[in-house]
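What follows is a single structure, written as structure tokens, with notes after it.
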Amino acid sequence: MKNEKITTCNICGATVRKAHEVLFKGLTGLGDWQEEVAICDSCGFIFAANPFMDDVLADRYKNLSKYEFDSGDYQIGADVPYMKRCKRQFDFILENVDSFDSILEVGAASGYNLSLYKDEQKIGHSVAVMGIEPSGVNCKLAQKNYDIQLFNGLFSEYIDKNSSQKFDLIFFSHVLEHIVNPRDFIEQCKTINNKYIFIEVPTFDYKFENEFLGMFSDEHINYFTFESLSNLMNSCGYTIVEAEMPLGIQVKIAAGVPALVTLWVLADEQHNLYLQTCQ
Ligand SMILES: [Zn+2]
């Protein structure tokens, strides 16, 4: 099994050096893996320099996914932390957006999160919801439980087939840290985005001493700080609207928290919004 080898920074393009190694034993479908954690000396971005090839990751997310919140013995009604997170993100978005008529969620799991955005009473008007989800099981559950039609596939497959429909808000929660080239990903999002991008990722800005290696995950490629995420988004033409950092003291998955909760707006759109407030 071959891994990719990244030798230049995916945010600023400078050369990178190996800073750390983490050995993962007996990963499902993948075996043992020695992760090489690299750092960019120019902008400080930290990431796995030897991620698995896209086709290996695609197979993993399509067929070995653990992100099936509503299936079988894993009932959404019982997954209180996930539902709380979705509601926290929903409130954050409603508090900070000007308006939005459509939302696209990348990595929509089994549709619970998108179902919140179908609540016309809370939002004040109807919002068109769309999601992209690699797991076929999840797509069927979204249809069955929430009457939400998801695109079954990867983001790249979606973009190839649906390049003309644009969305006011693109939403990805705990997705960007899994993407091999986050810069290409954001640039692709931009081609189908009218206004906002919501991003939640685990952050390295604050870590607990007792976690040690718990901060690393075999599924995570990018280890963002607010600075590196800002560098990425600013260089792609987005500016920050608001950000929060829940520490997640009660959350059991160390690699997922603390998290950066961020809302970005296209810089041109920000200028228009500002002019509106001056009138
Ligand atoms: Zn860099």
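Atoms within a ligand are numbered from 1 in the order they appear, just like the ligands themselves.
Between Phe47 and Phe45, the distance separating the two ring centers is shorter than 6.0 angstrom.
At least one donor-acceptor pair closer than 3.5 Å links the side chain of Asn10 to the backbone N or O of Val180.
For Phe24, the ring pair (Phe, Tyr, Trp, His ring centres under 6.0 Å) partners at least two apart in sequence or on another chain are Trp33.
When only modelled atom types and interatomic distance are considered, Glu200 and Thr262 share no side-chain donor-acceptor pair under 3.5 Å.
Here Lys5 pairs with Glu36 in a salt bridge; the nearest charged N to carboxylate O distance falls below 4.0 Å.
For the Zn ion (ligand 1), protein N, O or S atoms under 2.8 Å: 4 in total.
Between Ile148 and the options Glu133, Lys118, Gln143, a side-chain contact (heavy atoms from CB on, under 4.5 Å) holds for only Lys118.
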